[in-house]
Trainee: 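I'd like to ask you about the structure that follows.
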Amino acid sequence: MHDLKFIRDEPAAFDQGLKRRNIEPESAKILRRDSELRALQTRLQQAQARRNEASKLIGHAKAKKDEAQASALMAEVSGLKREIQEGEERERLDQAVLQAILATIPNLPASDVPEGRDETGNVELRRVGQAPGMNFSPKEHFDLGEQLGLMDFEAAGRMSGSRFVVLKGQLARLERAIASFMLDLHTGTFGYQEIAPPYLVRDDAMFGTGQLPKFADDLFRTTLAHWLIPTSEVPLTNLVREQMLEEAQLPIRVTAHTPCFRAEAGAAGKDTRGMIRMHQFSKVELVSITTPEQSRDEHERMTAAAEEVLKRLGLHFRTMVLCAGDMGFAAIKTYDIEVWLPGQKAFREISSCSACGDFQARRMNARYRPADGRPRFVHTLNGSGLAVGRTLVAVLENYQDGNGRIAIPDALQPYMGGATHIGS
RNA sequence: GGAAGAGUGUCCGAGUGGUUUAAGGAACUGGUCUUGAAAACCAGCGACGGGGAAACCCGUCCGUGAGUUCGAAUCUCACCUCUUCCGCCA
């Protein structure tokens with residue numbers, strides 16, 4: 001949610017930011033509604049002030065038994081009543097319309113975000129590690145998993161349809177191992193607090209992080225009108241909704257391993273084979289709540305925490321900064337981490353770390369009290385640390401030995417009961 | 001799912017139709033005192049919005065929304081959330 005004051009003060013900068021996101025200018029329309037609304041508010045408030053004053057005088061007149069004075073005032077206030085009621089109703093209406101417009105406008109890109117209309121404009125920042133040398137033709141993860149007899153898309157299809165998978169045996173355990181390893185790293189090394197949050201949330205929570213009102217089609221909804229979380233960014237970030245935090249509490253760093261549910265509307269035909277794009281997948285999420293001054297450094301720190309997972313797993317990756325046209329709704333700046341998949345012969349996104357400024361905090365009304373001064377909105381950041389399913393895919397493809405076996409990375413062996421390989 | 005109770009500012013909490021301008025306390029900030037700290041005392045201190053160069057003025061907000069009234073934290077209705085009890089249940 002944008003700050004109206006900013007749009008008033010910097011309409012050109014606002015529209016310029018939207019333009020970088022391929023969106024038409026909005027400031028003129030917004031400011032026209034805003035000034036109409038404020039003019040209405042001023043008129044309404046003058047009427048209210050007079051009503052309040054007269055009502056008080058009625059009380060005094062009655063106390064003095066001056067009935068003539070009292071009834072004269074009552075007649076006056078009675079006349080104001082209609083005007084005030086109509087004014088209040090219009091104010092509510094206009095306010096709601098303005099809020100609805102603001103609610104669908106995405107955040108503005110930071111000044112150091114590169115220009116670009118789509119993913120072709122993203123810029124590679126660094127590459128770490130190297131692709132494993134293989135003297136055989138690497139297979140894709142679904143072939144490996146199915147050959148092991150431990151990855152079953154057919155069984156999942158029979159009970160749930162497409163874009164679901166059943167993992168079995170050592171692959172089911174590998175998913176659990178990857179998640180545990182990630183959580184232990186983030187809680188142990190990077191100081192995140194582990195959270196076990198709800199997977200079902202209300203409208204307000206989805207609005208807070210920006211999934212609603214625009215992206216309802218991407219979400220699953222229960223018959224009781226809860227939404228299934230598409231990422232634990234939603235419950236983790238909403239942990240501070242409607243809260244007044246103390247500055248000394250910040251930064252707050254939380255992490256959770258949860259399933260994520262996505263309708264994948266509009267993704268027909270993309271990544272239809274394998275585990276890359278599922279209706280249900282597992283992810284370890286990182287969320288930080290910071291002061292405005294802390295958020296830039298925190299963004300780098302969070303991205304480094306996500307990268308550390310890949311380093312410890314010995315996986316080759318590159319880190320991209322997304323261009324303005326390719327960023328998500330709430331982000332002011334996003335780093336994507338892409339892991340090398342030898343079977344696909346491509347880098348694929350495995351983490352996305354976004355700084356959101358105070359955009360989500362406004363929607364959630366999450367504030368903090370500076371040591372000295374008036375309340376301010378917090379800054380929020382979220383990042384995958386990492387997508388567990390895609391990490392499993394990466395392990396399979398990078399650690400295949402050409403004979404159908406998968407080596408288990410050293411860092412995961414303790415979580416696999418000491419096993420060094422999957423398959424015989 | 002059923003019944004009863006509750007929801008007031010950063011927190012606790014008083015307040016059943018008109019000087020409530022939301023009492024009082026805590027926390028916090030500044031000061032006095034003190035070798036220093038604590039305690040005590042004094043002073044300041046809600047959020048959001050509108051107007052104004054500023055001092056300051058005005059409005060809204062007592063879970064949310066709608067109503068009654070000249071006037072609502074206070075009365076009415078609906079909804080939400082929490083607590084307790086009952087039911088069901090891993």
Side-chain angles (χ1 to χ4, degrees), chain A residues 1-9 30-103 196-208 212 222-227 235 238-250 252 259 289 291 358 361-378:
Chain A
M1 193 70 96
H2 288 285
D3 183 5
L4 263 174
K5 276 202 196 98
F6 172 77
I7 303 175
R8 265 177 228 153
D9 294 345
I30 291 168
L31 290 179
R32 182 174 50 76
R33 287 185 175 278
D34 177 50
S35 68
E36 281 173 10
L37 175 62
R38 283 193 293 160
L40 171 66
Q41 283 174 329
T42 302
R43 286 198 305 277
L44 177 60
Q45 287 176 8
Q46 281 162 356
Q48 286 169 325
R50 176 57 195 160
R51 178 198 62 191
N52 292 348
E53 184 185 27
S55 292
K56 244 174 237 170
L57 292 175
I58 291 170
H60 289 179
K62 291 214 162 189
K64 281 189 251 162
K65 304 277 185 210
D66 186 349
E67 289 301 329
Q69 171 79 356
S71 46
L73 286 163
M74 278 162 73
E76 185 193 346
V77 179
S78 188
L80 283 174
K81 187 184 172 182
R82 184 193 176 82
E83 182 185 339
I84 290 174
Q85 269 184 343
E86 285 173 0
E88 282 177 340
E89 191 172 337
R90 245 198 81 194
E91 189 198 0
R92 266 196 303 276
L93 229 71
D94 291 1
Q95 191 77 257
V97 169
L98 188 55
Q99 291 305 309
I101 293 171
L102 287 175
Y199 305 158
L200 269 53
V201 300
R202 278 202 253 266
D203 293 6
D204 286 349
M206 286 295 189
F207 181 88
L212 292 181
T222 72
T223 53
L224 296 178
H226 281 104
W227 302 93
N238 275 281
L239 242 24
V240 297
R241 70 173 295 113
E242 294 160 50
Q243 295 297 296
M244 181 73 77
L245 304 165
E246 296 300 326
E247 181 167 12
Q249 292 175 260
L250 304 176
I252 292 170
I289 311 296
T291 67
D358 62 9
R362 283 178 192 285
R363 298 169 81 96
M364 296 189 297
N365 196 24
R367 294 169 296 168
Y368 78 101
R369 195 179 290 284
D372 182 23
R374 299 171 66 77
R376 301 169 80 191
F377 288 109
V378 297

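Residue numbers begin at 1 in each chain, while the letters A, B, ... track the order of the sequences.
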Trainee: Could you tell me if the side chain of A:Val201 sits less than 4.5 Å from the side chain of A:Asn238, heavy atoms only?
Mentor: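 Not touching, per the 4.5 Å side-chain cut-off.
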Trainee: Can you name the atoms? Protein N/O to nucleotides 65-67 of chain B N/O, anything below 3.5 Å, with the distance.
Mentor:
residue	atom	partner	partner atom	Å
B:A66	OP1	A:Arg92	NE	2.8

Trainee: With P as the reference atom in both, quote the distance from B:U16 to B:U68 in angstrom, rounded to an integer.
Mentor: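 Those two atoms are separated by 24 Å.
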Trainee: Could you measure between the two P atoms, the one in B:G5 and the one in B:A78, and give it in whole Å?
Mentor: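 So the two P atoms sit 14 Å from each other.
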Trainee: In whole angstroms, how far is the P atom of B:U29 from the CD atom of A:Glu246?
Mentor: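 Interatomic distance, CD of A:Glu246 to P of B:U29: 10 Å.
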Trainee: Is any side-chain heavy atom of A:Ile7 closer than 4.5 Å to one of A:Leu102?
Mentor: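 Sidechains of A:Ile7 and A:Leu102: in contact.
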Trainee: Is there a donor-acceptor contact under 3.5 Å from the side chain of A:Arg241 to the main chain of A:Met364?
Mentor: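 Side chain of A:Arg241 to backbone of A:Met364, a donor-acceptor pair under 3.5 Å: no, none is there.
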Trainee: Would you say B:U81 has OP1 or OP2 under 4.0 Å from some side-chain N or O of A:Arg202?
Mentor: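 For B:U81, OP1 or OP2 has a side-chain N or O of A:Arg202 closer than 4.0 Å.
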Trainee: For A:Gln48 and A:Asp34, take the nucleotide of RNA chain B holding the closest heavy atom to each; which residue's nucleotide lies nearer the 5' end?
Mentor: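 Nearer the 5' end of the strand: A:Asp34.
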Trainee: Atom CD of A:Glu91 and atom C1' of B:C61: how far apart are they, to the nearest Å?
Mentor: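 From A:Glu91 CD to B:C61 C1': 12 Å.
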Trainee: With rounding to the closest Å, how many angstrom separate the C1' atoms on B:C12 and B:A23?
Mentor: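 14 Å, rounded to whole Å.
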Trainee: Please report the distance separating the P of B:U8 from the corresponding atom of B:U64, rounded so that it comes out in whole Å.
Mentor: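 Nearest-Å result for B:U8 against B:U64 at atom P: 10 Å.
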Trainee: Quick one: do A:Leu212 and A:Trp227 satisfy side-chain contact (heavy atoms from CB on, under 4.5 Å)? Show the steps, please.
Mentor: CA-CA 10 Å; A:Leu212 292 181; A:Trp227 302 93; 3.7 Å; yes
Trainee: Measuring only the P atom in each nucleotide, how far is B:A43 from B:G24? A whole number of Å is fine.
Mentor: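 Going atom to atom, P in each nucleotide, I get 12 Å.
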Trainee: Salt bridge (charged side-chain N to carboxylate O under 4.0 Å, His left out) with A:Asp3: which of A:Arg8, A:Arg376, A:Arg362?
Mentor: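 Result: among A:Arg8, A:Arg376, A:Arg362, A:Arg362 is the only option passing the salt bridge (charged side-chain N to carboxylate O under 4.0 Å, His left out) with A:Asp3.
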Trainee: Rounded to whole angstrom, note down the P distance from B:U21 over to B:U29.
Mentor: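 It comes out at 31 Å once rounded to the nearest Å.
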Trainee: With sequence neighbours excluded, tell me which residues meet side chain to side chain donor-acceptor pair (under 3.5 Å) with A:Gln41.
Mentor: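 Residues passing side chain to side chain donor-acceptor pair (under 3.5 Å) with A:Gln41: A:Glu91.
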Trainee: Suppose you measure atom P in B:G13 against the same atom in B:A66; what distance do you get, rounded to whole Å?
Mentor: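 To the nearest whole Å, 29 Å.
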Trainee: How far, in whole Å, is B:A47 from B:C42 if one measures between their P atoms?
Mentor: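 Comparing P positions in B:C42 and B:A47 gives a spacing of 24 Å.
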Trainee: Rounding to an integer number of Å, can you tell me how far A:Gln249 CD sits from B:C11 P?
Mentor: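 Spelled out: CD on A:Gln249 to P on B:C11 is 12 Å.
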Trainee: Please enumerate all residues that pass ring pair (Phe, Tyr, Trp, His ring centres under 6.0 Å) together with A:His2, with sequence neighbours excluded.
Mentor: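 Testing A:His2 for ring pair (Phe, Tyr, Trp, His ring centres under 6.0 Å), a comparison that skips the adjacent residues, returns A:Phe14, A:Phe359.
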Trainee: Polar atoms only, N or O, under 3.5 Å: list the protein pairs with nucleotides 47-49 of chain B and their distances.
Mentor:
residue	atom	partner	partner atom	Å
B:A47	O3'	A:Arg367	NH1	3.0
B:A47	O2'	A:Arg367	NH1	3.3
B:C48	OP2	A:Arg374	NH2	3.1
B:G49	N2	A:Gln45	OE1	3.3

Trainee: Answer yes or no: is there a donor N or O on one side and an acceptor on the other, between the side chain of A:Asp358 and the main chain of A:Phe377, under 3.5 Å?
Mentor: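 No.
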Trainee: Is there a side-chain contact between A:Asp94 and A:Arg33, using heavy atoms and a 4.5 Å cut-off?
Mentor: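 SC-SC contact between A:Asp94 and A:Arg33 ruled out.
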Trainee: Please name all residues satisfying side-chain contact (heavy atoms from CB on, under 4.5 Å) with A:Thr223, sequence neighbours left out, ordered by chain then number.
Mentor: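 Listed in chain order: nothing, the list is empty.
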Trainee: Which stems does RNA chain B form, counting runs of 3 or more consecutive Watson-Crick or G-U wobble pairs with both distances under 3.5 Å?
Mentor: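 The stems that RNA chain B takes part in, listed by first number, are B:1-7 with B:80-86, B:10-12 with B:24-26, B:28-32 with B:40-44, B:46-51 with B:56-61, B:63-67 with B:75-79.
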